[in-house]
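In this text the structure is predicted, and so the values were computed from the model without any measurement. Values reported hereafter were calculated over all heavy atoms of this structure, with side chains retained and with hydrogens, waters and symmetry mates removed.
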Amino acid sequence: QVQFVESGGGLVQPGGSLRLSCAASGFTLDYYAIHWVRQAPGKEREGVSCVTNSGATTNYADSVNGRFSISRDNFKNTVHLQMSNLKPEDTAIYYCAAEYGVLEGCSTHYYPGRKLLYWGQGTQVTVPS
């Protein structure tokens, strides 16, 4: 089955850290930019971060810039999102998804209908207020 499997979420106090992982199953990451997208309760999905297929270029939403770091390991077919200084507003289900193409850059802007592929089941991150 072609999909991502996300892991690493949990309950963490404000100011804490988590490292999310996203493992590709049934396909290789080499020709895909990878995106982390989150959805908080009652809100629309929000693009958080992305990394091009080579790993050379990354991008972050303003809300997480300076606190989150995305990385990828094409040999292990995995992508990580290191999250630091977590805030209650970071509470959401975090998903990874793929954008096909050998790209020089990537945009975190998410909108309904954007062609992102192989969504996983997500991993819950909860930061209590």
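Linking Ile, Leu, Val, Met, Phe, Trp and Tyr residues whenever their side-chain heavy atoms come within less than 4.5 Å leaves L116 and V79 in two separate clusters. With hydrophobic clusters built from ILVMFWY side chains whose heavy atoms lie under 4.5 angstrom apart, M83 does not share a cluster with Y95. V37 and V51 fall into different hydrophobic clusters, where Ile, Leu, Val, Met, Phe, Trp and Tyr are joined by side-chain heavy atoms under 4.5 Å apart, directly or via other members.
Distance alone, capped at 3.5 Å, places no donor-acceptor pair between the S21 side chain and the S7 backbone.
Residue pairs meeting the side-chain hydrogen bond (donor to acceptor under 3.5 Å, both in side chains) criterion with at least one partner in residues 81-94, sequence neighbours excluded, are R38-D90, R38-Y94, R67-D90. Listed by first and then second residue, the ring pair (Phe, Tyr, Trp, His ring centres under 6.0 Å) pairs that reach into residues 52-89 come to none, sequence neighbours excluded. Legend: ring pair (Phe, Tyr, Trp, His ring centres under 6.0 Å) pairs involving residues 17-53, not counting sequence neighbours, sorted by first then second residue: F4-F27, F27-Y32, F27-Y118, Y32-Y100, Y32-Y118. For residues 24-36, no pair satisfies salt bridge (Lys or Arg N to Asp or Glu O under 4.0 Å), with sequence neighbours left out. Within the structure, no pair that satisfies the side-chain hydrogen bond (donor to acceptor under 3.5 Å, both in side chains) test touches residues 102-113, not counting sequence neighbours. The salt bridge (Lys or Arg N to Asp or Glu O under 4.0 Å) pairs that include a residue from residues 119-129 number zero, where partners must be two or more places apart or lie in different chains. Among residue pairs with one or both ends in residues 72-85, none qualify as salt bridge (Lys or Arg N to Asp or Glu O under 4.0 Å); sequence neighbours excluded. The salt bridge (Lys or Arg N to Asp or Glu O under 4.0 Å) contacts involving residues 5-23 comprise nothing, where partners must be two or more places apart or lie in separate chains.
In this structure, the separation between CG on N74 and OG1 on T28 is 8.5 Å, given to the nearest 0.5 Å. Atom CG of N53 and atom CG of L29 lie 10.0 Å apart (nearest 0.5 Å). Between I34 atom CD1 and L81 atom CG the span is 12.5 Å, to the nearest 0.5 Å.
Remark: Q39 engages R45 in a side-chain hydrogen bond (donor to acceptor under 3.5 Å, both in side chains) (not counting sequence neighbours). S54 is linked by a side-chain contact (heavy atoms from CB on, under 4.5 Å) to T52, A56, counting only residues two or more places apart in sequence or in another chain.
Shown here for G26 and V2, the closest heavy-atom pair between the two residues is O-CG2, 3.7 Å.
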Using a 3.5 Å cut-off and no angle test, enumerate the donor-acceptor pairs between side-chain atoms of residues 122-129 and protein atoms at least two apart in sequence or in another chain.
| from | atom 1 | to | atom 2 | distance (Å) |
| --- | --- | --- | --- | --- |
| T123 | OG1 | G9 | N | 3.0 |
| Q124 | NE2 | A92 | O | 3.4 |
| Q124 | NE2 | T126 | OG1 | 3.3 |

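L103 forms part of no hydrophobic cluster, judged by ILVMFWY side-chain heavy-atom separations under 4.5 Å.
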